[in-house]
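Working notes for the structure below.
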Amino acid sequence: QVHLLESGGGLVQPGASLRLSCAASGRPFTGGTMAWFRQPPGKDREFVAAHKQRNTGTRYKDSLRGRFTISRDNAKNTLYLQMNDLRPDGTAVYYCAATTRGLITTSIAGEHEYEYWGKGTQVTVSS
């Protein structure tokens, strides 16, 4: 059985950094795409970033590029999200998602493309 377990969330002040982790168990995702999504309070879940299969590339929500960095350690079957210069609009539940398929760029931000999801970790950015 596949499990995705997020960690690293918390309460931080604007301008701070956080590093989220997503530990996958049950099967390797080396050949599949892994991603982060987030759901701000009262809003729909949205795409944050994705790490393509076999280290073939990354994709970001346009407004986050340059402040957020996605990475993965295939040996540990773990996905990371380094978030720098956090802003109050970064307050959300952050979800890890994974698929066994290698997604193409045009579909990589679609929630329906991912069959495995974690339960999420809360990030709150507030002074």
Side-chain angles (χ1 to χ4, degrees):
Q1 191 172 3
V2 174
H3 291 285
L4 302 179
L5 180 62
E6 303 97 335
S7 61
L11 171 63
V12 296
Q13 293 188 337
S17 297
L18 275 178
R19 188 194 195 204
L20 304 183
S21 299
C22 170
S25 60
R27 66 157 297 143
F29 286 97
T30 308
T33 299
M34 299 183 76
W36 290 97
F37 288 77
R38 67 184 182 184
Q39 186 166 19
K43 297 184 179 180
D44 294 333
R45 190 156 56 184
E46 63 180 11
F47 172 76
V48 173
H51 196 289
K52 297 181 73 174
Q53 58 283 358
R54 304 190 190 284
N55 294 319
T56 54
T58 57
R59 291 293 182 271
Y60 295 91
K61 177 180 171 66
D62 286 345
S63 61
L64 300 177
R65 190 176 292 113
R67 293 192 296 119
F68 285 22
T69 302
I70 190 170
S71 62
R72 68 199 281 185
D73 184 334
N74 287 324
K76 296 181 178 180
N77 216 17
T78 300
L79 182 73
Y80 303 98
L81 183 68
Q82 177 68 42
M83 306 185 292
N84 297 329
D85 189 23
L86 281 162
R87 302 167 184 173
D89 62 2
T91 295
V93 178
Y94 284 72
Y95 297 92
C96 175
T99 174
T100 57
R101 298 172 296 122
L103 300 180
I104 60 174
T105 300
T106 54
S107 60
I108 209 165
E111 287 187 45
H112 62 281
E113 299 288 352
Y114 299 87
E115 58 264 37
Y116 302 105
W117 290 82
K119 295 185 182 300
T121 184
Q122 176 71 46
V123 172
T124 302
V125 185
S126 175
S127 56

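Note that the structure is a prediction, hence the values are computed from the model and not measured.
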Euclidean distance, [Y] [atom2] relative to [X] [atom1], rounded to 0.5 Å:
X: Thr100; Y: Arg27; atom1: OG1; atom2: CZ; answer: 5.0 Å
X: Leu20; Y: Phe68; atom1: CG; atom2: CZ; answer: 8.0 Å
X: Thr69; Y: Leu81; atom1: OG1; atom2: CG; answer: 8.0 Å
X: Leu11; Y: Gln122; atom1: CG; atom2: CD; answer: 9.5 Å
X: Glu46; Y: Phe37; atom1: CD; atom2: CZ; answer: 10.0 Å
X: Asp85; Y: Leu64; atom1: CG; atom2: CG; answer: 11.0 Å

From CA spacing to verdict: side-chain contact (heavy atoms from CB on, under 4.5 Å), Asp73, Tyr80
CA-CA 8 Å; Asp73 184 334; Tyr80 303 98; 4.0 Å; yes
Donor-acceptor contact present, side-chain [X] to main-chain [Y], <3.5 Å:
X: Arg72; Y: Phe29; answer: yes
X: Tyr114; Y: Thr33; answer: no
X: Thr124; Y: Thr91; answer: no
X: Thr30; Y: Pro28; answer: no
X: Asn74; Y: Asn77; answer: no
X: Thr58; Y: His51; answer: no
X: Glu6; Y: Gly120; answer: yes

Hydrophobic cluster membership, [X] vs [Y], 4.5 Å side-chain cutoff:
X: Ile70; Y: Ile108; answer: no
X: Trp117; Y: Val93; answer: yes
X: Tyr94; Y: Tyr60; answer: yes

Is it the case that Arg38 places NZ or CZ above or below the six-membered ring of Tyr95, under 6.0 angstrom from the centre and within 45 degrees of the axis?
no
Taking side chain as C-beta onward, heavy atoms only, is [X] less than 4.5 Å from [Y]?
X: Pro14; Y: Pro88; result: yes
X: Lys61; Y: Val48; result: no
X: Met83; Y: Arg67; result: no

Using the salt bridge (charged side-chain N to carboxylate O under 4.0 Å, His left out) criterion, which residues pair with Glu115? Sequence neighbours excluded.
none
Asp62: what forms a salt bridge (charged side-chain N to carboxylate O under 4.0 Å, His left out) with it, not counting sequence neighbours?
Arg65
Scan [range] for pairs that pass disulfide bond (SG atoms under 2.5 Å apart), counting only residues two or more places apart or in two chains.
range: residues 40-81; result: none
range: residues 1-119; result: Cys22-Cys96
range: residues 40-87; result: none

Could you walk me through whether Ser127 and Gln13 pass side chain to side chain donor-acceptor pair (under 3.5 Å), step by step?
CA-CA 5 Å; Ser127 56; Gln13 293 188 337; over 6 Å; no
Quick check: closest heavy atoms across Ala24 and Met34, and the distance to 0.1 Å?
CB-CE, 4.4 Å
Heavy-atom pair of closest approach, residues Lys52 and Thr56
CB-OG1, 3.4 Å
Side chains of Asn84 and Ser17: any donor to acceptor distance under 3.5 Å?
yes
If we count only N and O atoms by modelled type, under 3.5 Å, do the side chains of Thr105 and Arg59 hold a donor and an acceptor together?
yes
Mind checking what makes side-chain contact (heavy atoms from CB on, under 4.5 Å) contact with Ser107, not counting sequence neighbours?
Leu103, Ile104, Glu113
Please confirm whether the ring centroid of Trp36 lies under 6.0 Å from the ring centroid of Phe47.
no
